[in-house]
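This one's a predicted model, so the numbers in the text were calculated from it and none came from an experiment. Throughout, residue positions are numbered sequentially from 1 according to the sequence presented.
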Amino acid sequence: MNVNTVNQSDCPDVKVPFPIFFTIGVVSLAENLLVVVAVIRNRNLHSPMYCFICSLAAFNTIASLTKTCENLMIVLADNGHLKKTGPSETKLDDVIDSLLCMSFVGSIFSFLAIAVDRYITIFHALRYHNIMTMRRAAAILGVIWTTCGLSAVLMIRFFASGFIMICFVAFFFLSLLIICFLYVYMFMLARSHARKIAALPSSGEGRKCRRQWLRGSMRGALTLTILFGAFVVCWVPFFLHLIIIMVCPMNPYCECYRSLFQLHVVLMMSHALIDPAIYAFRSAELRHTFRKMLLCYEWRQCS
């Protein structure tokens, strides 16, 4: 998405070499495809939570692929192989921007779905399989993908409107507040439950089992919190860029920040690179699956 403007300040635009963009795009594409394939092939990962994680990886895959294609188009245009304002190039750029918006909105909704799933897992464990069935998870994913597709088309179609840009930024920060509130509430409630478990007059073995269950559930919630934190760190600079465009488009200090636009894009692309590393680091089942896939072991349990 081209939201950069002419820099009229004394701060020169920071240029990032194309090989860096290309490397990040290709590596993140490979990583997220690996996550999707791992979830599909390993039956132990066929649960609502991993379906939502798979959806997040799919949105990251789309973002990596489309941003790599966009950077490739820019290089071809700079070398005279494409027209920057040609009709076919403009339409292709609109498609790429629509897919990028779709992947961003989809990431937000996926994080929200994962947070709700973790909440049900921790605090409604006995009813979890009745509440969060695979059919309901599929329905939620269907709504997410349909909504993201429609909203992306509308955003790109009317993105030149200042109102749409305001809505886009407001949606981002409102989503952050909602997810942060849910995580804080989840951890506070978990702390209260841990105290109640410790006070129960049960045997030492029973208390130990309950503590292990709570610790495992909170480990999953902590993993998703780390994922969400990485999302915030990688995307906030880009949205600050949008806010600056709306608030102080001609201020030289603001334009100094806007001169870092390509670094913001690199950071945004790096989000798709970081997520799979967090999956692999925090999930023993995914690590085991990755090893079997990469080392070409036989799929006896997943076939």
Can you find a heavy atom in the side chain of [X] that is under 4.5 Å from one in the side chain of [Y]?
X      : Y      : answer
Tyr257 : Pro237 : yes
Phe171 : Phe104 : yes
Lys67  : Ile24  : no
Ser103 : Asn60  : no
His264 : Leu240 : no
Leu112 : Ser175 : no

Could you report the tightest heavy-atom contact between [X] and [Y], atom names first, then the distance?
X      : Y      : result
Val36  : Ala58  : CG2-N, 4.1 Å
Ala152 : Ser98  : CB-O, 3.1 Å
Ile166 : Met246 : CG1-SD, 3.6 Å
Leu176 : Val236 : CD1-CG2, 4.5 Å
Gln262 : Val14  : CB-O, 3.6 Å
Cys234 : Leu267 : CB-O, 3.3 Å

Nearest 0.5 Å please: distance from the [atom1] atom of [X] over to the [atom2] atom of [Y].
X      : Y      : atom1 : atom2 : value
Phe238 : Met268 : CZ    : CE    : 5.0 Å
Leu99  : Cys148 : CG    : SG    : 12.0 Å
Ile62  : Cys101 : CD1   : SG    : 12.5 Å
Leu286 : His288 : CG    : NE2   : 11.0 Å
Ile278 : Leu273 : CD1   : CG    : 10.5 Å
Asp117 : Ser47  : CG    : OG    : 7.5 Å

> Is a side-chain donor-acceptor pair under 3.5 Å present for Asn42 with Thr289?
Replying inline: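 The criterion, which ignores hydrogens and geometry beyond distance, is satisfied for Asn42 and Thr289.
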
Between [X] and [Y], is there a donor-acceptor pair closer than 3.5 Å when you use the side chain of the first and the backbone of the second?
X      : Y      : result
Thr146 : Val143 : no
Thr147 : Ile144 : no
Ser55  : Cys51  : no
Asn32  : Ala272 : yes

>> Quick test of your reading: applying ring-ring contact (aromatic ring centres under 6.0 Å, His included), list the pairs with at least one residue in residues 25-72, sequence neighbours left out, ordered by first then second residue.
In response: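 Sorted pair list: Phe59-Trp145.
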
When you group the ILVMFWY residues by side-chain heavy-atom contacts below 4.5 Å and let the links chain together, are [Y] and [X] in the same group?
X      : Y      : answer
Val39  : Met134 : no
Ile226 : Phe181 : no
Phe109 : Val153 : no
Phe239 : Leu263 : yes
Val265 : Ile20  : yes

> What residues, two or more places apart in sequence or in another chain, satisfy side-chain hydrogen bond (donor to acceptor under 3.5 Å, both in side chains) together with Ser107?
Replying inline: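 Not a single residue meets the side-chain hydrogen bond (donor to acceptor under 3.5 Å, both in side chains) criterion with Ser107.
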
>> I'd like to check the ring pair (Phe, Tyr, Trp, His ring centres under 6.0 Å) partners of Phe21; sequence neighbours left out, ordered by chain and number.
In response: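 Ring pair (Phe, Tyr, Trp, His ring centres under 6.0 Å) check on Phe21 returns nothing, list empty.
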
>> Going by ring pair (Phe, Tyr, Trp, His ring centres under 6.0 Å), name the residues that satisfy it together with Phe173, two or more places apart in sequence or in a different chain.
In response: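 Phe173 satisfies ring pair (Phe, Tyr, Trp, His ring centres under 6.0 Å) with no other residue.
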
> Using 30° and 60° as the class limits, which term best fits the ring planes of Phe231 and His271: parallel, tilted or perpendicular?
Replying inline: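 Ring orientation, 0 to 90° scale: perpendicular.
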
> Relative to each other, are the rings of Phe18 and Phe22 parallel, tilted or perpendicular (30° and 60° limits)?
Replying inline: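 Correct class here is tilted.
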
> Who are the side-chain contact (heavy atoms from CB on, under 4.5 Å) partners of Leu29, not counting sequence neighbours?
Replying inline: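 Residues passing side-chain contact (heavy atoms from CB on, under 4.5 Å) with Leu29: Leu33, Thr61, Ser64, Leu65.
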
> Which residues pass the side-chain contact (heavy atoms from CB on, under 4.5 Å) test with Ile120, sequence neighbours left out?
Replying inline: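 Listed in chain order: Val116, His124, Tyr128, Ile131, Met132.
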
> Within a reach of under 6.0 Å around CZ of Phe172, are more than 12 heavy atoms found that belong to other residues, nucleotides or ligands?
Replying inline: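 More than 12 within 6.0 Å, yes.
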
